[in-house]
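Just so it is clear, the model here is predicted, and its values are computed rather than measured. Below, each value reflects all heavy atoms present in this structure, side chains not excepted, and no hydrogens, waters or symmetry copies.
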Amino acid sequence: SGPGPLPSHGNTHGDEDLLNIDPRSLSQAQQALLQMSERNKKLRGERDAGQKEAGELQRKLDEMNRQFTNAVNAERAAREKETEAGHSRTDVAALLRKETQRAD
């Protein structure tokens, strides 16, 4: 027979239950635990890869936002320069008219 009774930890009823378990059930439980452990490892790997990808996408998004902000600011500055140039052309045209009127 086997190696004898398991040492008692104050729960002899539980120890008896363990001794009465069919070894095939223990083998099935061990297989299930191994399968769950492998699945857990796989899922952790997928999670880690997903977190890494999310970080890369966030960095790309931040860079695109920075570029967009720069483009908007450049466009605004260009419009302001265009407006200033328009005022300057108007001022020059007015001065030319005055000078032309004086010459007449």
Side-chain angles (χ1 to χ4, degrees):
S1 79
L6 294 173
S8 176
H9 297 286
N11 184 2
T12 55
H13 181 70
D15 293 342
E16 289 169 15
D17 287 347
L18 285 175
L19 290 174
N20 293 327
I21 293 177
D22 183 344
R24 289 174 297 192
S25 297
L26 289 174
S27 176
Q28 288 173 346
Q30 184 181 25
Q31 277 303 114
L33 280 173
L34 287 173
Q35 289 172 355
M36 285 188 286
S37 178
E38 286 301 311
R39 176 160 167 67
N40 196 10
K41 197 181 303 180
K42 179 183 173 215
L43 290 173
R44 267 196 211 111
E46 290 174 1
R47 180 200 63 200
D48 293 346
Q51 287 175 336
K52 181 180 177 191
E53 183 180 4
E56 291 169 2
L57 290 172
Q58 184 62 53
R59 282 188 290 281
K60 287 179 182 177
L61 179 61
D62 292 344
E63 176 62 19
M64 288 177 67
N65 283 336
R66 189 187 64 75
Q67 291 175 357
F68 177 75
T69 300
N70 288 345
V72 168
N73 291 340
E75 185 180 0
R76 185 179 303 125
R79 268 198 308 263
E80 289 170 3
K81 294 286 183 203
E82 195 175 310
T83 301
E84 290 172 17
H87 292 314
S88 295
R89 282 192 297 274
T90 302
D91 294 344
V92 168
L95 283 173
L96 283 174
R97 275 195 303 277
K98 284 183 187 174
E99 290 299 317
T100 305
Q101 288 169 358
R102 274 192 207 149
D104 290 344

Which residues end up grouped with [X] if you chain together Ile, Leu, Val, Met, Phe, Trp and Tyr wherever their side-chain heavy atoms are less than 4.5 Å apart?
| X | answer |
| --- | --- |
| Met64 | none |
| Val72 | Phe68 |
| Met36 | Leu33 |

As an exercise, state the distance from NE2 of His87 to CG of Asp91, rounded to the nearest 0.5 Å.
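Reported to 0.5 Å precision, the distance equals 8.5 Å.
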
Please list every donor-acceptor pair under 3.5 Å in which a side-chain atom of residues 37-45 meets a protein atom from a residue at least two apart or in another chain.
none

Apply side chain to side chain contact (heavy atoms under 4.5 Å, CB included) to the pair Arg89 and Val92, showing each step before the final yes or no.
CA-CA 5 Å; Arg89 282 192 297 274; Val92 168; 5.7 Å; no

Answer yes or no: does atom CD of Glu53 have more than 12 heavy-atom neighbours from other residues, nucleotides or ligands under 6.0 Å?
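No, not enclosed.
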
Residue pairs fulfilling side-chain hydrogen bond (donor to acceptor under 3.5 Å, both in side chains) with at least one residue in residues 77-86, sequence neighbours excluded:
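For residues 77-86: Glu75-Arg79.
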
Within residues 63-72 or reaching into it, pairs that qualify as side-chain hydrogen bond (donor to acceptor under 3.5 Å, both in side chains) - sequence neighbours excluded:
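Checked against side-chain hydrogen bond (donor to acceptor under 3.5 Å, both in side chains) - neighbours excluded - the pairs reaching residues 63-72 are Glu63-Arg66, Glu63-Gln67.
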
